[in-house]
Amino acid sequence: MILANNTPFEGASFSRRNQLARLAWQLVYTLLFRPTPPPLHAWRCFLLRCFGARIAAGCHIYSDARIWAPWKLHMAAKACLGPRVICYSMAPIHLGEGVVVSQGAHLCTGSHDYTSATFPLFARPITIGADAWICTEAFVGPGVQIGEGAVIGARAVAMRSQPAWMVCAGNPCQPLKPRIHPSNRHTSAISS
């Protein structure tokens with residue numbers, strides 16, 4: 001999705017309403033979200049919901065996680081945004097049930113089209129399937145879908161979608177080996 005005013009040399013890429021909403025969120029983030037102690041996940045979820053985030057029960061969001069536009073964040077039950085996570089939510093970010101996004105990971109829905117002389121800004125949603133794990137300082141780019149149960153290794157750079165129930169790592173991120181589904185663990189241990 002190319003943004004409406006997408007030429008950076010011709011003014012802001014976002015509407016005045018969007019800019020004011022982000023300013024209000026930054027004030028709330030600075031005064032009421034960021035200074036909270038680690039156990040106050042419910043309070044931080046409440047604040048995000050006040051700004052339009054769709055957050056299910058049992059989610060954990062740490063106080064130094066950065067969410068650019070809360071109204072574009074969707075978290076299913078028991079999903080987690082760890083310390084220093086960056087959610088650059090120019091487009092929607094969907095986290096499935098039980099997703100863990102570890103410390104310092106970056107979910108980035110926006111970029112610039114380098115094939116154009118004006119570098120227009122674009123945004124594409126990120127979807128992370130249930131039970132996936134985005135490891136420490138991994139980067140997930142615009143339009144990427146991470147399959148259910150996938151593991152994206154530490155400092156991996158996922159610019160393309162990654163398959164379900166695979167351990168993926170590297171730059172560029174690639175599937176390396178299958179991950180055993182939890183329902184098969186008992187069966188695998190018996191047969192070994």
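By the 4.5 Å heavy-atom criterion applied to side chains, Pro70 and Lys72 are not counted as neighbours. Side-chain contact between Met159 and Cys173 is absent, with no heavy-atom pair separated by less than 4.5 Å.
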In residues 133-146, what donor-acceptor pairs under 3.5 Å come from side-chain atoms, sequence neighbours left out?
from: Trp133; atom 1: NE1; to: Ser102; atom 2: OG; distance (Å): 2.7
from: Glu137; atom 1: OE1; to: Arg155; atom 2: NE; distance (Å): 2.5
from: Glu137; atom 1: OE1; to: Arg155; atom 2: NH2; distance (Å): 2.6

Run the side-chain donor-acceptor check on residues 33-45: report pairs under 3.5 Å with partners two or more places apart or on a different chain.
from: Thr36; atom 1: OG1; to: Phe33; atom 2: O; distance (Å): 2.7
from: Thr36; atom 1: OG1; to: Arg44; atom 2: NH1; distance (Å): 2.6
from: His41; atom 1: ND1; to: Arg44; atom 2: NH2; distance (Å): 3.2
from: His41; atom 1: ND1; to: Ile61; atom 2: N; distance (Å): 3.2
from: His41; atom 1: ND1; to: Ile61; atom 2: O; distance (Å): 3.2
from: His41; atom 1: NE2; to: Pro38; atom 2: O; distance (Å): 3.3
from: Trp43; atom 1: NE1; to: Leu32; atom 2: O; distance (Å): 3.0
from: Arg44; atom 1: NE; to: Ile61; atom 2: O; distance (Å): 2.6
from: Arg44; atom 1: NH1; to: Pro37; atom 2: O; distance (Å): 2.9
from: Arg44; atom 1: NH2; to: Pro38; atom 2: O; distance (Å): 2.7
from: Arg44; atom 1: NH2; to: Ile61; atom 2: O; distance (Å): 3.2

Return all side-chain donor-acceptor pairs below 3.5 angstrom for residues 22-29, not counting sequence neighbours, or 'none' if the list is empty.
from: Arg22; atom 1: NE; to: Asn18; atom 2: OD1; distance (Å): 2.6
from: Arg22; atom 1: NH2; to: Asn18; atom 2: OD1; distance (Å): 3.3
from: Trp25; atom 1: NE1; to: Ile67; atom 2: O; distance (Å): 2.8
from: Gln26; atom 1: OE1; to: Arg66; atom 2: NH2; distance (Å): 3.0
from: Tyr29; atom 1: OH; to: Ala65; atom 2: O; distance (Å): 3.3

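Note that SG of Cys108 is 11.5 Å distant from CZ of Arg124, once rounded to the nearest 0.5 Å. Here the CH2-CE distance, from Trp68 to Met90, works out to 5.5 Å after rounding to the nearest 0.5 Å. Here SG of Cys59 is found 8.5 Å from CG of Leu73. Values are rounded to the nearest 0.5 Å. With rounding to the nearest 0.5 Å, the separation of CE in Met75 from CD1 in Ile55 is 6.0 Å.
Taking a 4.5 Å side-chain heavy-atom cut-off between Ile, Leu, Val, Met, Phe, Trp and Tyr, the cluster of Leu176 contains only that residue.
Closest approach of Gly96 to Ala76, counting heavy atoms only: C-CB, 3.5 Å. Residues Ala91 and Thr109 approach most closely at N-OG1, 3.0 Å, considering heavy atoms. Pairing each heavy atom of Ile128 with each of Leu107, the nearest pair is CD1-CD2, 4.0 Å. Closest of all the heavy-atom pairs between Asp131 and Arg179 is O-NH1, 3.1 Å. Here the shortest heavy-atom pairing between Val99 and Gly129 reads CG2-O, 3.1 Å.
Val100 and Val85 are members of different hydrophobic clusters when ILVMFWY side chains are connected at heavy-atom separations under 4.5 Å. Criterion: ILVMFWY side-chain heavy atoms under 4.5 Å apart, direct or through other members. Under it, Leu48 and Ile126 are part of a common hydrophobic cluster. The cluster map of Ile, Leu, Val, Met, Phe, Trp and Tyr, joined by side-chain heavy atoms under 4.5 Å apart, puts Val101 and Ile93 in the same cluster. Both Leu31 and Phe51 are members of a single hydrophobic cluster when ILVMFWY side chains are connected at heavy-atom separations under 4.5 Å.
Looking at residues two or more places apart in sequence or on another chain, you find no side-chain hydrogen bond (donor to acceptor under 3.5 Å, both in side chains) involving Thr30. Remark: Ser161 pairs with no residue by the side-chain hydrogen bond (donor to acceptor under 3.5 Å, both in side chains) rule, at least two apart or across chains. With sequence neighbours excluded, the residues that form a side chain to side chain contact (heavy atoms under 4.5 Å, CB included) with Pro163 are Met166, Cys168, Pro175. In this view, Trp71 satisfies the ring pair (Phe, Tyr, Trp, His ring centres under 6.0 Å) rule with no residue, not counting sequence neighbours. Applying the side chain to side chain contact (heavy atoms under 4.5 Å, CB included) test to Arg16 and every residue at least two apart in sequence or in another chain returns Gln19, Leu20.
Sorted by first and then second residue, the pairs that involve residues 50-62 and meet side chain to side chain donor-acceptor pair (under 3.5 Å), not counting sequence neighbours, are Arg54-His74.
A donor-acceptor pair is defined here as one N or O able to donate and one able to accept, closer than 3.5 Å; such a pair exists between the side chain of Asp64 and the backbone of Arg84.
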Q) After noting the C-alpha distance and the side-chain angles of His112 and Phe122, does the key distance pass the side chain to side chain contact (heavy atoms under 4.5 Å, CB included) rule? A) CA-CA 6 Å; His112 294 271; Phe122 69 86; 5.6 Å; no
Q: Verify side chain to side chain contact (heavy atoms under 4.5 Å, CB included) between Ile152 and Val167, making sure each step is shown before the conclusion.
A: CA-CA 6 Å; Ile152 306 302; Val167 176; over 6 Å; no
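Shown here is Arg49, whose CZ atom has more than 12 heavy atoms of other residues, nucleotides or ligands within 6.0 Å.
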